[in-house]
Amino acid sequence: MISRSWRPNGQPRPIKVPSEIVTKWQEIVNLLAEIMHVPAALVMQVEPPNIKVFVSSDSARNPYEHGELASLNSGLYCETVMKTRQPLLVTDALVDEEWKSNPDIKLGMISYLDFQYHGQWRGLRDDLCSR
């Protein structure tokens with residue numbers, strides 16, 4: 001498990017991920033988006049009270065930008081995966097009662113696949129998702 005340092009306000013300090021790991025994750029999300037024919041593949045990072053797009057595929061139709069922030073507890077798909085630790089497949093959020101109000105719909109993301117990848121880098125839990 002990663003030992004974290006804490007800020008005086010009680011919030012955890014962001015984990016510093018080495019650049020060679022970020023480069024590998026970039027290659028993975030680019031390949032994932034290409035193989036799956038989806039507009040976006042992402043690695044997300046939680047920085048309470050927000051969640052951040054940490055790595056974003058270089059896909060032409062990707063509406064997500066590196067560093068983009070969203071508030072936690074806003075109903076994002078990936079929050080469910082983090083809470084349940086189970087894969088999530090949403091085939092059409094527009095007709096799914098549970099997901100029809102998802103904030104990502106406004107970006108055109110009505111289909112979603114997410115799973116947690118338990119990587120080997122110092123025990124860090126990675127979250128890969130494609131939209």
Residues in side-chain contact (heavy atoms from CB on, under 4.5 Å) contact with Lys24, at least two apart in sequence or another chain:
Glu27
Kindly indicate whether the side chain of Met82, heavy atoms from C-beta on, has any atom under 4.5 Å from the side chain of Ile51.
yes
Can you give me the closest heavy-atom contact between Tyr77 and Leu88, atom names plus distance?
O-CD2, 3.7 Å
Taking Met109 as the starting point, is it possible to reach Val95 by hopping between hydrophobic residues whose side chains are less than 4.5 Å apart?
no
Mind jotting down which residue pairs meet the side chain to side chain donor-acceptor pair (under 3.5 Å) criterion with at least one end in residues 88-99? Sequence neighbours excluded, please.
Glu97-Lys100
Taking the side chain as every heavy atom from C-beta outward, state whether Pro103 and Leu76 have any atom pair closer than 4.5 Å.
yes
Could you tell me whether the side chain of Trp25 reaches within less than 4.5 Å of the side chain of Val43, counting heavy atoms only?
yes
Less than 4.5 Å apart, any side-chain heavy atom of Cys78 and any of Tyr112?
yes
With sequence neighbours left out, the residues meeting side chain to side chain donor-acceptor pair (under 3.5 Å) with Asn102 are none
If I take atom CG from residue Asp58 and atom NE2 from residue His66, how far apart are they, to the nearest 0.5 angstrom?
11.5 Å
Tell me, do Leu72 and Pro49 make a side-chain contact under 4.5 Å, heavy atoms counted?
no
If every non-hydrogen atom of Ser56 is compared with every non-hydrogen atom of Val29, which pair is closest and at what distance?
C-CG2, 4.0 Å
Rounded to the nearest 0.5 Å, how far apart are CG of Leu107 and CZ of Arg61?
13.5 Å
Could you check whether Asn30 and Gln26, counting side-chain N and O atoms only, form a donor-acceptor pair closer than 3.5 Å?
yes
Compare all side-chain heavy atoms of Ser74 with those of Glu79 and state whether any distance is below 4.5 angstrom.
yes
So which residues get pulled into Leu31's cluster when ILVMFWY side chains under 4.5 Å apart are joined, directly or through others?
Ile35
Under a 4.5 Å side-chain heavy-atom rule over Ile, Leu, Val, Met, Phe, Trp and Tyr, are Val22 and Ile28 clustered together?
yes
Testing the basics here: between Ile105 and Ala93, what is the closest heavy-atom pair and its distance to 0.1 Å?
CD1-CB, 3.9 Å
Tell me every residue that passes side-chain contact (heavy atoms from CB on, under 4.5 Å) with Thr84, counting only those two or more places apart in sequence or in another chain.
Thr80, Gln86
Using 0.5 Å steps for rounding, measure from the OH atom of Tyr64 to the CE atom of Met44.
8.0 Å
Atom OG in Ser57, atom CE in Met36: separation rounded to 0.5 Å?
11.0 Å
Which pair of heavy atoms, one from Val38 and one from Ser59, lies closest together, and at what distance?
O-OG, 4.1 Å
Pairs where residues 62-71 contributes a residue and the test salt bridge (Lys or Arg N to Asp or Glu O under 4.0 Å) is met, not counting sequence neighbours:
none
